[in-house]
Amino acid sequence: MAIDSDVLVIGGGIAGLSAALSAARAGADVRLVSEAETTLHHASGLLDVLGYPPNADGDGPVVDPFDAIGDLPDTHPYAIVGAGTVRDGLAMIDDVLGETYHGSHTDANALVPTHGGTVKPTARYPASVAAGLASDDRDILLVDFERLTGFDAGVAAEHLDAAGIPAETSAATVEFPIVVRDDAKVTRYAHLLDENPTVDGAGSDRRVRAALADAVEPSVEDAERIGFPAVLGVDHPAEIRDELEGRLGAAVFEIPMGPPSILGGRLEDRLYAALDDAGGQIESGGGPIVGFDAEGGMISAVYMDRSGSQIPYAAEEYVLATGDVAGGGIDSDREGVAEPIFGCHVPHPDDRYEWFEGEAFGDHAFAEFGVVVDDALRPMDEGGTPEFANLRAAGAVIGGYDYPAEKSASGVSIATGYAAGRRAAREG
């Protein structure tokens with residue numbers, strides 16, 4: 001017997017979560033399935049809309065992404081769903097995240113320093129990042145830990161100075177109060193700050209957070225803001241920041257890190273909790289989709305491989321949110337490029353040498369590979385007809401834009417996920 005639902009969302013990243021959440025909030029019986037862990041725990045935790053225009057060629061960051069949407073080509077996902085849908089999708093996410101994220105008060109991008117010392121334009125950012133905005137002129141002290149890899153405060157400070165931010169920036173390296181292995185994951189530091197245990201050999205009442213503040217305090221000097229790598233707790237980040245601010249007499253913020261990302265993990269937890277609260281069924285890490293049934297241009301079931309058994313899932317509507325080539329949602333080999341679950345058409349040059357540019361950072365054709373969708377977000381075949389009447393796509397599986405260059409990944413995923421989920425709920 002097939003496992004039934006009104007809407008089946010395939011893919012557990014931010015596009016799939018946005019689709020499932022919007023469908024569930026519209027009253028549909030929704031099930032989300034994903035083969036493995038999502039990419040959110042590798043992401044920065046920042047939610048971008050549009051940081052740079054397509055083919056920017058050195059142009060500065062976009063100030064107001066909503067103003068820029070009207071200038072995008074017709075094939076861009078934002079042009080397909082419209083600026084109003086982008087706003088509606090963000091409003092849904094804002095409602096979920098509440099006070100844990102900032103940025104909803106303005107259409108303008110915020111400029112957020114990253115672990116490499118670059119400045120990223122983004123539309124929404126965690127509250128823990130807010131005191132570190134590059135547009136703020138208060139002096140900054142960046143702090144790293146002796147054994148923590150992935151963030152060099154000195155290099156980041158030099159890069160921020162070179163970028164011309166209005167704040168004076170300095171750096172300090174301190175020993176974390178409890179010795180951890182050189183290869184310890186960032187979550188080890190975060191859990192120690194959550195648990196706040198006593199520091200061995202430092203008196204029975206001296207705990208990790210207090211000891212960390214004591215180690216940083218001699219370097220504070222005139223700094224009014226102190227940036228730590230984003231490891232300030234998984235469960236109690238606000239509490240940890242408040243304690244460090246009280247002890248150091250300066251605003252404390254987190255620097256978004258590369259994978260694995262504590263900020264991305266916090267975002268993932270909130271979105272999955274919201275979907276659960278909305279009544280959505282979640283099967284994360286269940287196994288790959290290995291087949292499907294279809295008749296008369298309609299999908300009737302898909303099959304998930306669980307330890308060699310093919311489990312059928314049936315729905316009225318399906319949302320494909322499996323990502324691009326990096327996420328496995330688009331497959332390429334010497335024979336060509338295709339969407340691997342349903343075999344949806346992916347336009348691409350026949351000559352593989354035309355997939356790439358000679359320059360490493362050129363405008364590579366493969367960056368925009370993905371399915372082509374109609375205004376109902378249905379993937380279309382080579383002749384421009386929907387592949388299946390009840391299949392919709394969301395997120396990076398859709399082609400026609402270069403999200404790494406544009407800094408538009410989260411926004412496109414949210415907007416197309418929201419639109420696909422709402423449409424699927426209405427049709428299902």
Side-chain angles (χ1 to χ4, degrees), residues 39-52 56 58-62 103 109-126 128-174 176 182-187 189-190 216 219 223 225-232 251-267 326 359-362 364 367 402-411:
T39 56
L40 278 170
H41 64 283
H42 293 303
S44 67
L46 305 177
L47 299 177
D48 44 36
V49 172
L50 186 68
Y52 295 89
D59 291 348
V62 169
N109 277 324
L111 300 176
V112 176
T114 70
H115 64 285
T118 60
V119 177
K120 182 180 181 183
T122 192
R124 302 289 188 271
Y125 48 94
S128 65
V129 169
L133 297 187
S135 54
D136 192 329
D137 64 0
R138 292 177 296 169
D139 290 353
I140 298 173
L141 170 67
L142 298 181
V143 176
D144 64 21
F145 306 143
E146 289 281 1
R147 292 176 176 81
L148 177 65
T149 60
F151 178 56
D152 186 315
V155 170
E158 290 176 3
H159 288 178
L160 288 173
D161 281 339
I165 70 169
E168 292 291 328
T169 306
S170 58
T173 299
V174 302
F176 195 77
D182 288 349
D183 61 347
K185 295 180 179 180
V186 293
T187 49
Y189 294 89
V216 172
S219 301
R225 300 183 286 164
I226 303 173
F228 290 87
V231 298
L232 301 186
V252 166
F253 64 94
E254 292 184 292
I255 301 289
M257 297 279 286
S261 167
I262 297 295
L263 297 181
R266 291 180 198 153
L267 175 61
E359 298 294 328
F361 297 102
H364 301 291
D402 183 354
Y403 70 82
E406 296 174 6
K407 309 301 181 193
S408 61
S410 299

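Everything numeric here is computed off the predicted structure, so don't read it as measured data.
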Got [X] and [Y] here, is their nearest side-chain heavy-atom distance under 4.5 Å?
X	Y	value
L148	P229	yes
P260	T187	no
K120	S44	yes

Can you tell me how far [atom2] of [Y] sits from [atom1] of [X], rounded to the nearest 0.5 angstrom?
X	Y	atom1	atom2	value
H115	D152	NE2	CG	11.0 Å
L263	L46	CG	CG	7.0 Å
Y403	D48	OH	CG	10.5 Å
Y52	S408	OH	OG	12.5 Å
L111	I165	CG	CD1	10.0 Å

Relative to the ring of F145, is the ring of Y189 parallel (under 30°), tilted (30 to 60°) or perpendicular (over 60°)? parallel
Which atoms form the tightest heavy-atom contact between [X] and [Y], and what is the distance?
X	Y	result
S261	A43	OG-O, 2.6 Å
P256	A230	CA-CB, 4.4 Å
P404	D402	CD-OD1, 3.1 Å
F151	M257	CB-SD, 3.6 Å
D136	P166	O-CG, 3.8 Å
A131	R138	O-NH2, 3.9 Å

S128 and R266: CA distance, side-chain angles, deciding distance, side chain to side chain contact (heavy atoms under 4.5 Å, CB included) verdict: CA-CA 11 Å; S128 65; R266 291 180 198 153; 3.6 Å; yes
Is the side chain of [X] donor-acceptor paired with the backbone N or O of [Y] at a distance under 3.5 Å, no angle test?
X	Y	value
N109	V62	yes
T122	L47	yes
R225	L133	yes

Between D144 and T173, do the side chains contain a donor N or O and an acceptor N or O under 3.5 Å apart? yes
Qualifying side chain to side chain donor-acceptor pair (under 3.5 Å) pairs with a residue from residues 155-170, counting only residues at least two apart or across chains: none
